[in-house]
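The shown structure was predicted, so the numbers you read here are calculated from the model rather than taken from an experiment. Both counts, for ligands and for their atoms, begin at 1 and track the order of listing. We count residues from 1, following the sequence as given.
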Amino acid sequence: MKVIAFNGSPRKGGNTHIAIETVFEELNKKNIETEEVYLHDYEIKSCTACYTCLKTKDCKCILDDDFNPLLHRLLEHDGLILASPVYAWNATGQMRCFLERYGFVTMYSPCNMKRKVGAALTVYTRAGGLPTWYNLIGLLLGFGMVVPGSTYATMAQGASPGAILECEWGLDSFRELGQNMAWLLEKLQ
Ligand SMILES: Cc1cc2nc3c(=O)[nH]c(=O)nc-3n(C[C@H](O)[C@H](O)[C@H](O)COP(=O)(O)O)c2cc1C
C-alpha cells in the first residue's frame with residue numbers, strides 16, 4: 001500500500017515536513033510505502049472557472065501546467081495526506097490551487113480518490129490552525145474519502161523551522177494519526 005503526502009509549504013525541511021515525517025514513521029512500521037511531494041516544486045494555477053472538466057468528465061484539466069501529471073500520480077496511491085502550514089488563516093495558496101482543481105476535475109469523472117483514505121494536518125504559529133484543519137478535513141469528506149481521526153485535532157504549534165519539535169502534544173497527534181491511518185488502510189484493503 002502507498003500513501004502520498006502533499007506538503008503545502010514553500011519551506012523545504014520545515015515544520016510541515018517534520019509533521020509528515022512523524023506520520024510516515026508510523027506508516028512505515030506497518031510496511032506502508034510513503035512519498036512526500038512539495039506542491040511548490042510544481043506549477044499549479046488556480047481554477048479559471050471554464051467548467052470544461054465538468055462537461056468532458058475525462059479526468060483532465062485543460063490548463064497547461066503540472067496539475068494533470070500530479071493528479072495521475074496521486075491516483076496511484078491508497079491514501080493521501082493534505083499537510084499545510086497556516087497562511088492567513090488558511091492552507092497555503094499552492095495547496096488551495098490544487099484542491100480547487102482536484103474538486104472539479106474529479107467531481108463527475110471515473111478517476112478519483114473516493115473510498116480511499118484521506119488525512120489532514122496543519123502547523124501554525126498563533127491562529128488559524130483549527131479552522132484550516134476543519135477546512136481540509138471537510139474537503140476530504142466532500143471528495144468521498146474515508147478519514148481517520150486522532151485525539152483532538154492533527155496539528156502542532158511552532159514558528160521557525162524545527163520549532164514543532166518542542167510541541168509534544170502536536171507530535172503525539174501526528175503519531176496517532178499515522179497509527180490510525182495504517183489501521184484503516186489495512187481494514188479497507
Ligand atoms: C505568509 C505567511 C502567513 C502566515 N500566516 C499565519 C497565520 O495566519 N496564522 C498562524 O498561526 N501562522 C501563520 N504563519 C506562520 C506559519 O504557519 C508557521 O511558521 C509554520 O510553522 C510554517 O511551517 P513550515 O515550516 O512548514 O513552512 C504564516 C507564515 C507566513 C510565511
Determine whether Cys53 and Cys61 satisfy the following criterion, disulfide (SG to SG under 2.5 Å), listing intermediate values before the conclusion. CA-CA 6 Å; Cys53 64; Cys61 176; over 6 Å; no
- request: Run the salt-bridge test on Lys45 and Glu100 with the 4.0 Å N-O cut-off and return the result as yes or no.
  value: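 No, this pair does not count.
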| message | For Arg73, is there an ion pair with Asp66 - N to carboxylate O distance below 4.0 angstrom? | response |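 Salt bridge flag = no for Arg73 with Asp66.
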Return the orientation label for the Phe67 and Phe98 ring planes: parallel under 30°, perpendicular over 60°, tilted otherwise.
->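 Ring orientation of Phe67 relative to Phe98: tilted.
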Pairwise ring pair (Phe, Tyr, Trp, His ring centres under 6.0 Å) hits with a residue in residues 120-157, at least two apart: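 For residues 120-157: Tyr102-Phe143.
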Check: Which one of Leu165, Ile164, Leu171 satisfies the side-chain contact (heavy atoms from CB on, under 4.5 Å) criterion with Glu168?
Finding: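 That would be Leu171.
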Can you pull every nitrogen or oxygen pair between ligand 1 and the protein closer than 3.5 angstrom?
from: ligand 1; atom 1: 5 (N); to: Val86; atom 2: O; distance (Å): 3.3
from: ligand 1; atom 1: 5 (N); to: Ala88; atom 2: N; distance (Å): 3.0
from: ligand 1; atom 1: 8 (O); to: Ala88; atom 2: N; distance (Å): 3.2
from: ligand 1; atom 1: 8 (O); to: Trp89; atom 2: N; distance (Å): 3.0
from: ligand 1; atom 1: 9 (N); to: Ala127; atom 2: O; distance (Å): 2.6
from: ligand 1; atom 1: 11 (O); to: Thr125; atom 2: N; distance (Å): 2.9
from: ligand 1; atom 1: 11 (O); to: Arg126; atom 2: N; distance (Å): 2.7
from: ligand 1; atom 1: 11 (O); to: Ala127; atom 2: N; distance (Å): 2.9
from: ligand 1; atom 1: 11 (O); to: Ala127; atom 2: O; distance (Å): 3.0
from: ligand 1; atom 1: 12 (N); to: Thr125; atom 2: N; distance (Å): 3.4
from: ligand 1; atom 1: 14 (N); to: Val86; atom 2: O; distance (Å): 3.2
from: ligand 1; atom 1: 17 (O); to: Val86; atom 2: N; distance (Å): 3.4
from: ligand 1; atom 1: 17 (O); to: Val86; atom 2: O; distance (Å): 2.8
from: ligand 1; atom 1: 19 (O); to: Thr125; atom 2: OG1; distance (Å): 3.4
from: ligand 1; atom 1: 19 (O); to: Ala159; atom 2: O; distance (Å): 3.0
from: ligand 1; atom 1: 21 (O); to: Asn15; atom 2: ND2; distance (Å): 2.9
from: ligand 1; atom 1: 21 (O); to: Gly158; atom 2: O; distance (Å): 2.9
from: ligand 1; atom 1: 25 (O); to: Arg11; atom 2: NE; distance (Å): 3.0
from: ligand 1; atom 1: 25 (O); to: Arg11; atom 2: NH2; distance (Å): 2.9
from: ligand 1; atom 1: 25 (O); to: Asn15; atom 2: N; distance (Å): 2.8
from: ligand 1; atom 1: 26 (O); to: Ser9; atom 2: OG; distance (Å): 3.4
from: ligand 1; atom 1: 26 (O); to: Asn15; atom 2: N; distance (Å): 3.3
from: ligand 1; atom 1: 26 (O); to: Thr16; atom 2: N; distance (Å): 2.8
from: ligand 1; atom 1: 26 (O); to: Thr16; atom 2: OG1; distance (Å): 2.6
from: ligand 1; atom 1: 27 (O); to: Ser9; atom 2: OG; distance (Å): 2.6
from: ligand 1; atom 1: 27 (O); to: Arg11; atom 2: NE; distance (Å): 3.3

